[in-house]
Amino acid sequence: MAAPRIGVLALQGAFREHRQRLESLGAQVSEVRLPADLAGLHGLVLPGGESTTIARLMTDFGLWAPLRDFHAAGGALWGTCAGAILLARGVQGAPPQFGGQQRSLAVMDLTVRRNAFGRQVDSFAVPLDVHGLDAPFPAVFIRAPVIEEVGEDVEVLARHAGQIVLVRQGRLLASSFHPELTADARLHALFLGLAAPPVPA
Amino acid sequence: MTDASSAATPQTGTAQIKQGFAEMFKGGVIMDVVTADQARIAEAAGATAVMALERVPADIRADGGVARMSDPKMIKEIIAAVTIPVMAKVRIGHFVEAQILQALGVDFIDESEVLTPADEQYHIEKAGFRVPFVCGAKNLGEALRRVGEGASMIRTKGEAGTGDIIEAVRHARTVLGEIRSIRARPSDELMTVARDLQAPYHLVQYVHEHGALPVVNFAAGGVATPADAALMMHLGLDGVFVGSGIFKSSNPERRAQAIVKAVTHYRNPDVLAEISEDLGAPMTGINIDSLVPAERLAGRGW
């Protein structure tokens with residue numbers, strides 16, 4: 001099977017770490033900054049960073065509709081931290097001057113609350129039990145969101161202190177923590193599985 | 001599914017968490033603000049964080065006197081006004097100002113030469129704080145000493161409040177050039193390199209092995225236009241701080257948005273041409289050659 005071609009949304013944030021981790025698994029990785037960069041990809045990672053910054057740049061460079069179309073046409077999406085906020089149907093805790101509203105792709109049946117664990121002094125790392133992995137995943141939570149509500153089609157893969165922090169829905173994956181900040185590539189391998197190109201008949 | 005992970009104690013304030021947070025600013029712009037209104041403008045323009053301070057460097061320069069940590073009331077107003085991270089500055093060596101900012105819940109502390117130094121010999125021992133620190137550096141030895149003390153992020157010092165990019169370019173080229181030269185040295189020469197740089201040996205070894213600083217490295221000091229910001233990204237920095245350059249220009253909102261876009265699309269001259277158009281007047285600026293040495297901020301720190 002040919003290596004999956006994966007894009008990393010490179011507007012702002014930890015896109016280089018995702019790129020390195022995906023390349024270590026044999027994926028062919030390119031950076032996406034403009035709609036034309038999506039051509040030929042099987043999957044796209046939306047990295048951590050500042051969700052308000054990334055959303056602003058997605059508006060400025062016309063990426064909202066092309067990303068929804070990319071997913072509708074079969075592309076897998078994975079949002080980590082800020083990226084998870086951008087996938088969610090509902091976002092709570094948006095800046096007051098935005099009228100409490102934050103734009104998102106709304107492709108995943110989730111409600112996410114921004115900065116749910118507090119400010120940076122409250123950020124933490126913890127070994128996390130993940131459904132389907134036989135040893136805990138070293139999860140790093142940085143001013144992290146939590147997933148407050150999920151739809152019926154959403155599979156909860158991990159919780160921390162009772163809060164949902166990793167979910168899957170079809171070809172969509174969302175994590176409120178940062179797998180790219182550790183050397184553990186197991187969740188990137190899971191995503192490559194979701195984004196695998198169809199085997200030719 | 002059982003929730004066994006809740007049995008493990010979460011760790012806070014580790015180097016991984018502090019440096020990982022700094023990684024999230026990459027490809028972004030951190031903007032100086034002096035009021036909650038400016039903070040809201042910065043957030044709406046796409047800033048990845050705001051730096052809360054009483055006076056931007058251009059005014060500190062104009063006003064003279066001792067520049068100190070900002071009033072906690074103003075910092076709290078800015079924290080309440082935005083959802084992006086809030087940074088604030090302390091004087092070099094002033095660990096009590098840093099304790100106060102940590103207690104306020106500030107997300108990042110800048111131990112900054114822009115304020116009047118409090119200690120002419122020692123910087124803050126930063127590793128013991130839960131809140132991460134950014135420090136300025138003019139060369140690699142200075143950068144590695146700050147990382148050795150626990151800084152989670154490094155920035156150029158530039159010459160703040162001038163709108164003149166030359167000093168930031170000089171610091172970036174110096175640090176990155178020294179990294180390249182260490183990369184090329186055989187490993188048995190590294191102890192002498194560490195001695196010459198006055199830098200911790202294990203960090204010199206890290207630079208030799210990875211060809212990079214162990215923390216993110218931003219541009220600061222003198223960034224006034226989208227082209228300035230893109231220039232610093234091309235030189236190999238990870239992101240940009242903008243101080244007086246935004247709110248001392250004629251159209252802060254437009255200029256702030258343009259600088260944010262320039263940092264993302266620094267490799268795309270077509271985009272840069274489009275966003276650089278019709279931004280209004282940039283900050284007036286001071287050519288740094290006109291500053292007498294005593295007026296230079298970048299020389300502070302050791």
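Please read all numbers here as calculations on a predicted model, not as lab measurements. Labels below follow one simple rule: chain letters A, B, ... track the order of the sequence lines, proteins then strands, and each chain is numbered from 1.
- Among residues at least two apart or in separate chains, side-chain hydrogen bond (donor to acceptor under 3.5 Å, both in side chains) pairs with a member in residues 11-37 of chain B are A:E17-B:K26, B:E23-B:K26, B:D37-B:R40.
- Of the residues considered (B:I79, B:V82, B:V106), B:I79 shows the highest number of contacts with chain A, using heavy-atom pairs under 4.5 Å.
- Separation of atoms CZ (B:F108) and CZ (A:R119) is listed at 13.5 Å; rounding is to 0.5 Å.
- No other option in B:P132, B:G105, B:A80, B:P85 has as many heavy-atom pairs under 4.5 Å with chain A as B:P85.
- Atom OG1 of B:T83 is separated from atom CD of A:Q102 by 7.0 Å, given to the nearest 0.5 angstrom.
- Proximity to chain A involves both the backbone and the side chain of B:A44, based on heavy atoms less than 4.5 angstrom apart.
- With a threshold of 4.5 angstrom between heavy atoms, A:V121 approaches chain B through its backbone and through its side chain.
- Taken to the nearest 0.5 Å, the CZ atom of B:F25 stands 9.5 Å off from the OG1 atom of A:T53.
- Residue contact with chain B, scored on non-hydrogen atoms closer than 4.5 Å, involves the backbone of A:A94 exclusively.
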**Study point:** Criterion side chain to side chain donor-acceptor pair (under 3.5 Å) on A:R33 and B:T264, from CA distance to verdict
**Key:** CA-CA 8 Å; A:R33 291 185 176 82; B:T264 298; over 6 Å; no
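- Within the 4.5 Å cutoff, side-chain heavy atoms of A:L34 are placed close to those of B:N268.
- Counting heavy-atom pairs closer than 4.5 Å to chain B, the top-ranked of the candidates A:T52, A:D60, A:V140 is A:D60.
- Of the two parts of B:V271, only the side chain, counted from C-beta on, holds a non-hydrogen atom closer than 4.5 Å to a non-hydrogen atom of chain A.
- In the displayed structure, A:E23 atom CD is contacted under 6.0 Å by more than 12 heavy atoms of other residues, nucleotides or ligands.
- Taken from NE2 in A:H178 to CD1 in B:I17, the straight-line distance is 11.0 Å, to the nearest 0.5 Å.
- Proximity of B:V260 to A:Q12: side-chain heavy atoms (C-beta onward) are nowhere separated by under 4.5 Å.
- In this structure, chain B has a heavy atom under 4.5 Å from the side chain of A:L57, while its backbone stays farther away.
- No part of A:A139 comes within reach of chain B, as not one of its non-hydrogen atoms sits under 4.5 angstrom from that chain.
- A:R56 and B:Q257 share a side-chain donor-acceptor pair at under 3.5 Å.
- Within 6.0 Å of the CZ atom in B:F95, the count of heavy atoms belonging to other residues, nucleotides or ligands does not exceed 12.
- With rounding to the nearest 0.5 Å, the separation of CZ in A:F61 from NZ in B:K261 is 5.5 Å.
- Both the backbone and the side chain of A:P95 come within contact range of chain B, each with at least one heavy atom under 4.5 Å from a heavy atom of that chain.
- Heavy-atom distances place the side chain of A:R143, and not its backbone, under 4.5 Å from chain B.
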